[in-house]
Asks: 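Provided herewith is a single structure, encoded as C-alpha cells, for subsequent inquiry.
No hydrogens, no waters, no symmetry mates; every other heavy atom, side chains included, goes into these values. Everything numeric here is computed off the predicted structure, so don't read it as measured data. We count ligands from 1, going down the list as the structure has it; atoms in each ligand are counted the same way.
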Amino acid sequence: MLSSSFTLSKDACQEKDEQLSSSFSLTLNSPSKINLFFRILSKRPDGYHEIASLYQAIALYDQITFSSSDAQSFSCSDPSLSTDDSNLCVKAFKLFQKKTALTPSISIHLDKKVPMQAGLGGGSANAATVLYGLNKLMGQPLSIAELSTLSAELGSDVPFFFSKGTAFCRGRGENLTDVNFTPQIGNITIVKPKQGLSTPLVYKACDPSSFPSRDPLASLALFQQGSYEFYNDLEIPSFLLLPSLKELKGLLESAGFTTVLMCGSGTAFFCLGDADLPSLHDCFVQRMQTAGRSEMGWYE
Ligand code: C5P
C-alpha cells in the first residue's frame, strides 16, 4: 500500500486548526458514470470543448475511507496510481482546506476498483467523494451546491457527482441541470479492454465539425418521453486512435446486446440488454445498475 503525507502551505497552516474530538472511521462509495448521449458541439478558445451530454451515475464503486489520524495522509490500494499532489483526492483535500480554512487531521485511503482511462469518471468521483466526506466530518460548513461549484476547479466531470445521479451537463461538463426522470435501462454491463485512452488525447483528435449534427435538446426530450437515443461523438476520434475498440464494439453487438456505447472518452463500453458474453481477452467485465444520491446523503 502506498502512503504519502502532505502538508498545507505555511499561510494555510496559520488558519484555524480544527481537530476532530474522537477517533472515527467513515467509508463512502465513490461511484462512476456513463454518458447516455454525448455531443461535442465546438472547440472553445480556452482549449476545452463545448459539450451537451446526459450523464448517468452507475453502481460501479471505489471505496474511500476517512480515518482520524495524527497527520494528514493519503494512500491507495493501486500502486500504479500516484499518491502525490497530482492525485485528485489530494487536490480535493487541499481545495477543501483552502476554501474552509479548516485543517482536518484525517487520513484518506482509496480502495480502487473502477478501471482508469476508461471514460467512467472514476477519478472525478474520487475528488467529489473526498469533498463530500470531509465536509460531512467537519460539520457541513459547505452546502451541496457550494461543494458542486467548488468541485468544478478540480475537473469538468466532478460537479456531476453532486447531482441526484442523472443530469444534463453542458459547458465543459460542469454546467449541470438535474433532470426529473431516471432512465429505465435495466442491467448495465461494463466492458473495458486492457488498453486505455487519455482524455486530452481523445479531445485533441476530435473535429467537432465532422460529427452528425444531432440536437442534444431533442435527444433530452426523447429521453424524457422514455424513447432512448444513445450516441457518443467521441467514439469517432477514439476508434481512430485505437482501432481495436471498433472491433470490440462489433463483437459485443453481435453477442446480442441491444446497445453498446463507449463511455465518455473511452475505452470502456456500456452494454444494455442481456447477452451471453463472448470470450473477451484481458477485459474488465462487470454488471451493475444505475446509481443515485439521496437528498443529503451520498451513494449507497
Ligand atoms: O476538466 P478535465 O481536467 O477533466 O479535462 C481534462 C482534459 O480534457 C482537458 O485538459 C481538455 O484537454 C479535455 N477536455 C476538453 N473539453 C471538455 C472536457 C475536457 O477538451 N469539455
Asks: For ligand 1, indicate whether the residue Y48 contacts it via side chain, backbone, both or neither (heavy-atom separation under 4.0 Å).
Replies: both
Asks: Find all atoms of ligand 1 within a distance of less than 4.0 Å from any non-hydrogen atom belonging to G47, and give their numbers and elements.
Replies: 20 (O)
Asks: Under a heavy-atom criterion of less than 4.0 Å, does S265 contact ligand 1?
Replies: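 In this structure, S265 fails to qualify as a contact of ligand 1 - no heavy atom is under 4.0 Å.
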Asks: Report the relative orientation of the aromatic rings in Y203 and F38; use parallel for angles under 30°, tilted for 30 to 60°, perpendicular for over 60°.
Replies: perpendicular
Asks: For F181 and F223, take the angle between the two ring planes, folded into 0 to 90°, and tell me which bin it lands in: parallel under 30, tilted 30 to 60, perpendicular over 60.
Replies: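 Plane angle under 30°, so parallel.
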Asks: Closest heavy-atom contact between C76 and L81?
Replies: SG-CD2, 3.7 Å
Asks: Heavy-atom contact under 4.0 Å between T199 and ligand 1?
Replies: yes
Asks: S163 and Y55: side-chain donor and acceptor closer than 3.5 Å?
Replies: no
Asks: Quick one: nearest non-hydrogen protein atom to atom 19 (C) of ligand 1, plus distance?
Replies: Y203 CE1, 3.6 Å
Asks: Considering distance alone, does some N or O of S156 sit under 3.5 Å from an N or O of ligand 1?
Replies: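 Yes, at least one N or O pair falls under 3.5 Å.
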Asks: Can you list the ligand 1 atoms lying under 4.0 Å from a non-hydrogen atom of I51?
Replies: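 Contacts of ligand 1 toward I51, numbered from 1: 21 (N).
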Asks: Under 4.0 Å from a heavy atom of G155: give me the atoms of ligand 1 that qualify, with their elements.
Replies: 1 (O)
Asks: Can you tell whether the side chains of K99 and E146 come within less than 4.0 Å, N to carboxylate O?
Replies: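 Salt bridge between K99 and E146, a charged N being under 4.0 Å from a carboxylate O: no.
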Asks: For atom 16 (N) of ligand 1, what's the nearest protein heavy atom and its distance?
Replies: H49 N, 2.8 Å
Asks: Rounded to the nearest 0.5 Å, how far apart are CG of L131 and CZ of F93?
Replies: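 One gets 11.0 Å once the value is rounded to the nearest 0.5 Å.
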Asks: Using 4.0 Å as the upper bound for N to carboxylate O, is an ion pair formed by R170 and E50?
Replies: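 Not counted as a salt bridge, because no side-chain N and carboxylate O are separated by less than 4.0 Å.
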Asks: Of the listed options (S53, A127, P200), which comes nearest to atom 12 (O) of ligand 1 when hydrogens are ignored and any heavy atom counts?
Replies: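 Shortest heavy-atom distance from atom 12 (O) of ligand 1: P200.
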Asks: At a 4.0 Å threshold, what atoms of ligand 1 neighbour a non-hydrogen atom of R172?
Replies: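 So the atoms of ligand 1 that pass are 1 (O), 17 (C), 18 (C), 21 (N).
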Asks: Is the Y132-F96 ring centre distance short of 6.0 angstrom?
Replies: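 Here the rings of F96 and Y132 have centres that are no less than 6.0 Å from each other.
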